[in-house]
Amino acid sequence: MAPVYDHKKIEKKWQDIWLASGAFAADDTSNKQKLYVLDMFPYPSGSGLHVGHVEGYTATDIYSRFKRMQGFNVLHPMGWDAFGLPAENYAIKTGIPPAKTTNDAINTFRSQIKALGLSYDWSREIGAHNPDYYKWTQWFFLLLYKNGLAYKKKALVNWDPVDQTVLANEQVLPDGTAERSGAKVEQKELEQWFFKITDYADALVDDLDQVDWPESTKINQRNWIGRSEGALITFPLKNSVSKLDVFTTRPDTIFGATYMVVAPEHPWLAEALSKTKSAIENADEVRKYIEKAKQKTDLERQEEAKEKTGVELKGVKAINPANHEEIPIFVADYVLGSYGTGAIMAVPAHDERDGAFAKKFNLPVRQVVAPHFVDASNPPRPDKKNVPRVVVQGIVRNPKDNMVLQVIWKQQPWKTFVIGGAEEGEDLVEAVKREVREETGYKNFATVERVGVEMRSEWFANHKDENRFARMHVFELVLANEDRDELSTQEQEKHSLEWVAFKDIPMVFGPVGEMPLIWPALNDLKRGTIYTGDGILINSGKYSETESQEAKKKITEAVGGKWMKTYRLRDWLISRQRYWGAPIPVVYDPEGAPHPIPEEHLPWLLPTDVEFKPKGTSPLGQSKELLERTEKIFGKGWRPEIDTMDTFVCSSWYYYRFADPKNEKEFATKEKIKKWLPVDLYVGGAEHTVLHLMYARFFTKVLQKMGYVNFGEPFLKLRHQGTILAEDGSKMSKSKGNVINPDEIVERYGADSVRLYEMFMGPLEAMKPWNTKNIMGVRRFLDRVWRLEVSASGGGEVAMDAAIQKITEDMEKMKFNTAISALMIVLNQFEDIGSAPRASYENFLRLLTPLAPHIAHELAEKHGIDISTWPSYDATKITSADVTVPIQINGKVRASLIISKNTGQTEALTAARELPEVKKWLALGKEMKAVYVPGKVISFQTEQV
RNA sequence: GCCGGGGUGGCGGAAUUGGUAGACGCGAUGGACUCAAAAUCCAUUGAUCGCAAGGUCAUGAGAGUUCGAUUCUCUCCCCCGGCACCA
């Protein structure tokens, strides 16, 4: 009788062994290939580790152990993002210093993490609140300052009038009240420090292409940065020397600009109103509107977004530089002062917001872009180029006058229209067929030349030099089984319905770049709808019939505009009127001018002689020690900066420190950075898709520019762990009392069971509910592994090679749920044959090691098995010569057949017809068609009765 | 509203260069062992019709292409995440 699987004893034993031996220390000198596997370092909160942490950390641990077994030199460290608001808020409540609560929390976290058997290199542990760490956070501030990337300016901040303190955005509830005091938050202008992240906006967008990150995270970052390209165009004012600049992404619509709008904050407006004799006739009304708009919070602006408001500036007109028309100017708060130039040209026909405004104020709408429809290319097929193809799907007509409103196009993989051409003297049909064969790889198809499609001769003449063809036409292409020139009558009939609709509208065809461009004749357009897409210009003077993209450039140039980029991204405000953070290393001379603190005085220590009571300024302002220190070093009358840095500054560079955590001279040596960075795999929650990940990328780009590192992206591969929900599918929260405490689960079922369970729940990135019953399933699996008998020699067949291949691939892709499932299948096979053959068992334990390391090590020791290397497999043993092929008759599986892989079509079909099941079903109708897809399926089609 | 990701048994989830849907696990039902219970083991377990053999239906809904669709195309519904007057 095997002894009972006592997880507590075994897990403690191995954790002690690993700790004592420093088993997971990364080797700075090894020649083995390095791999840097990193978790987002946690904020050590007082409530301890939660199951979400466990999920991410287990995933990186499994991956690290797997890679070590494959011979990599793995750096897998852990540290603490220890500065932050919760500890300070707790101090305000209790008076206990944040350093104390934070260190207690770190001790809890560390012991919880150790109890999970996670293979961190503890010799590299760091804490962002330790002076030997924040010394370098301050050093980074100085680096940015020296390079003009840190500056001070006035900014609006969230001000809590009850607590007399500035709040971070996340401390302001959606209804505009303070989370702590419940007071209505005010906007207050204060001098603040900023990092000039906007200098790197382009690199932050462009370099996303280089990294292996979830697509959604990249998109979030792109949206946040919000780069858009457009034109800066100047609109002169009538009877004035003043001009208004607008930014627009759609200079092609300028002929439709029937009015202008300036933001209430626009400086020109303030100036115009301040003059004793303002040109604005209704100045009072305008002032009133501006005052009202100022009082609106962002929230109110949002809520009122649907209803547009504004006031016309009477007596002032702008001149549209494209057509020299006089147009009115409005002030309206739907235009933001902080974006672009704070002024727009309004094109109500082609912009939803301008359209809504024009409707309310009854302003003229002029349509200047006619929609066209450019079809995207097909999904790529292996070894074949993509070919653009379009088909009419539907036509929307106005029932009153039977006018065509819209033509809907769609792509169809089996049938397509191609626009083909031929050179002088060449046969058109042959030329098209040759081209289609080359471009698509299709060998068998029929073509039909489509009459009724009107080629516009003047359009063609205009674009002649862009096209190498002398003649062009539209063909319908139908894929066929044989090579034919014509469609059968039957086939033609089949498609005739669509065609009838198609040929009724006059169409214009022509190539733009590589895409066919198709648009309905201009006079068939519906008037008055807001069309925001690209198209063909109409009512635009000499630019009419020009395509949007082309017109953008041409018009911008013609009106003297400048092509430029704008961004939504703002500089990073890093000042916090808070105690528990890294002090900003700046002092002010008696005149109040800021001076960076010289490096030799770093770390610029956080003082401890403060009270944690909200008093209206940063708690550092009360510190006698800090003031005395400043005066002692810099002289009488000098004052310290009393704000601290946003904690995101600390976490923007910590991944460098792990490479060289004890260095007192540099944040890390160039050699060690070169040795370990960039991070190969980074795992953390999806809540950091924008802020942390973007700030960290910004720091790395600065380091690259300054020559400290030779790469521009710190995290090559990023994965997010999904949220773990409570058993009822709701979010876990303390207030609901449905939080699962990992300690209890580890105590009860063991660390290996918890690890295995969290990985078995589903895909790493998925949001999934906790289910304590399901832990019993993986625990039972481990119990059975524990009880498994091992036999000296083989007692049956177990397909280990296939399992090794499957699990190796799953590990690489971090599909741990299916890897565990594959191990369960192997165990089931062992049990079916009564015991595990020794050779298979050895590999089974090796495969199990990264996932459930404690039990695997214990069993390996018991049986004398070396589990330090990952097993390999023999690929020839995985694929067998025979395959089981299902047989479908009229699409339903009726039988299956075991045949050799090399069996030919005729032979396979003959063998299939011999089967009684097949005979029975084939007897019901006349056989029409038989297909054998080698190794996959046999399919019969019979005449349906 | 826009962008992105999803929707498969009672539950968590497998399977997509189109090829036997539901792997693996949980739960459930029946049985063995036991005085009994727990643990363990064996069997069954998508729905439905049928005594059975065997059918039929089924991957959010509806259509389409195909010998064959969870997988491709179109329309619609729902859920989750992000952004939201960004010109």
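The shown structure was predicted, so the numbers you read here are calculated from the model rather than taken from an experiment. Naming convention: chains lettered A, B, ... in sequence-line order (proteins, then strands); numbering from 1 in each chain. Values reported hereafter were calculated over all heavy atoms of this structure, with side chains retained and with hydrogens, waters and symmetry mates removed.
- Side-chain N/O atoms of A/Arg222 include none lying less than 4.0 angstrom from OP1 or OP2 on B/C3.
- Regarding contacts with the backbone of B/A15, a side-chain N or O of A/Lys815 is found under 4.0 angstrom from either OP1 or OP2.
- A/Tyr334 and A/Thr309 share no side-chain donor-acceptor pair at under 3.5 Å.
- Although no hydrogens or angles enter the test, the distance criterion places a donor-acceptor pair under 3.5 Å between the side chain of A/Lys768 and the main chain of A/Ala766.
- The nearest pair of heavy atoms linking A/Ile555 to A/Pro251 is CG2-O, 3.6 Å.
- Residue A/Arg568 places at least one side-chain N or O closer than 4.0 Å to OP1 or OP2 of B/A84.
- In this entry B/C26 has B/G10 as its Watson-Crick or G-U wobble partner, both defining distances falling under 3.5 Å.
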(request) Any chance you could lay out the ring pair (Phe, Tyr, Trp, His ring centres under 6.0 Å) test for A/Tyr259 and A/Phe357, step after step, and finish with the verdict? (result) CA-CA 10 Å; A/Tyr259 63 102; A/Phe357 190 84; 5.6 Å; yes
Which atom pairs link the protein and nucleotides 53-59 of chain B when you take only N or O atoms and keep those under 3.5 Å?
| from | atom 1 | to | atom 2 | distance (Å) |
| --- | --- | --- | --- | --- |
| B/U56 | OP1 | A/Arg894 | NH2 | 3.3 |
| B/U56 | OP2 | A/Arg894 | NH1 | 3.3 |

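- Evaluation of atom-type donor-acceptor distances gives no pair under 3.5 Å for the side chain of A/Lys773 against the base of B/C11.
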(request) Using a 4.0 Å cut-off on protein heavy atoms (strictly under), produce a 5'-to-3' string for nucleotides 42-47 of chain B with B for base contact, S for backbone-only sugar-phosphate contact, and - for none. (result) ------
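- For B/G5 and B/G10, the P atoms lie 29 Å apart once the distance is rounded to whole Å.
- Among the nucleotides B/G12, B/C41, B/A87, the one closest to the side chain of A/Arg787 is B/C41.
- Taking 4.0 angstrom as the limit, A/Ser216 places none of its side-chain polar atoms (N or O) nearer than this to OP1 or OP2 of B/G82.
- Here the shortest heavy-atom pairing between A/Pro264 and A/Val335 reads CD-O, 3.9 Å.
- Looking at the side chain of A/Pro763, the nearest of the listed nucleotides B/A14, B/G12, B/C26 is B/A14.
- The pairing partner recorded for B/A15 is none, the criterion being a Watson-Crick or G-U wobble arrangement whose two distances lie under 3.5 angstrom.
- Contact annotation: the side chain of A/Met811 approaches that of A/Phe816 to within less than 4.5 Å [non-hydrogen atoms, C-beta and beyond].
- Against the 90° criterion about 0, the sugar-base torsion of B/G60 places it in the anti range.
- Of all nucleotides listed (B/A87, B/C26, B/A14), B/A87 comes nearest to the side chain of A/Thr248.
- With P as the reference atom, B/C11 and B/A47 are 12 Å apart, rounded to whole Å.
- One P atom belongs to B/C2, the other to B/U8, and the distance between them is 25 Å to the nearest Å.
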(request) For nucleotides 18-24 of chain B, just jot down a letter per nucleotide in 5' to 3' order: B, S or -, based on protein non-hydrogen atoms under 4.0 Å. (result) -BB--BB
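- Spacing between B/C67 and B/G18 at atom C1', rounded to whole Å, works out to 12 Å.
- Contact annotation: the side chain of A/Arg250 approaches that of A/Ser548 to within less than 4.5 Å [non-hydrogen atoms, C-beta and beyond].
- With rounding to whole Å, A/Met767 atom CE is found 14 Å from B/G7 atom C1'.
- Heavy atoms only, all atoms of each residue included: A/Leu764 and A/Ala59 are closest at CD1-CB, 3.7 Å.
- Pairing partner, B/C57: B/G46, with both Watson-Crick or wobble hydrogen-bond distances short of 3.5 Å.
- A/Asp752 pairs in a side chain to side chain contact (heavy atoms under 4.5 Å, CB included) with only one of the listed residues (A/Leu851, A/Leu782, A/Val785), which is A/Leu782.
- In this structure, A/Lys768 does not reach the B/G25 phosphate: none of its side-chain N or O atoms is under 4.0 Å from OP1 or OP2.
- Atom C1' of B/C74 sits at a distance of 43 Å from the matching atom of B/A53, rounded to the whole Å.
- In this structure, A/His692 places its NE2 atom 18 Å from P of B/G82, rounding to the nearest Å.
- In terms of position on RNA chain B, the residue among A/Arg570 and A/Met776 whose nearest nucleotide sits closer to the 5' end is A/Met776.
- Of all nucleotides present, none satisfies the Watson-Crick or G-U wobble test against B/G68 with each distance under 3.5 Å.
- Applying side chain to side chain contact (heavy atoms under 4.5 Å, CB included) to A/Met732 and the options A/Thr723, A/Leu725, A/Ile740 leaves one that passes, A/Ile740.
- A/His692 pairs by the side chain to side chain donor-acceptor pair (under 3.5 Å) definition with A/Tyr682, not counting sequence neighbours.
- Taking atom C1' in both B/U16 and B/G7, the straight-line distance is 16 Å, to the nearest Å.
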(message) ring pair (Phe, Tyr, Trp, His ring centres under 6.0 Å) for A/Phe830 and A/Phe844? Distances and angles first, verdict last.
(response) CA-CA 10 Å; A/Phe830 285 154; A/Phe844 175 78; 5.5 Å; yes
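- Residues passing the side chain to side chain donor-acceptor pair (under 3.5 Å) test with A/Asn771, sequence neighbours excluded: none.
- Partners of A/Trp770 by side chain to side chain donor-acceptor pair (under 3.5 Å), not counting sequence neighbours, listed by chain and number: A/Thr772.
- Across all strands shown, B/A38 forms no Watson-Crick or G-U wobble pair with both distances under 3.5 Å.
- B/U73 and B/G6 are spaced 13 Å apart, taking the P atom of each and rounding to whole Å.
- Rounded to whole Å, the separation between the P atoms of B/G9 and B/U59 comes to 9 Å.
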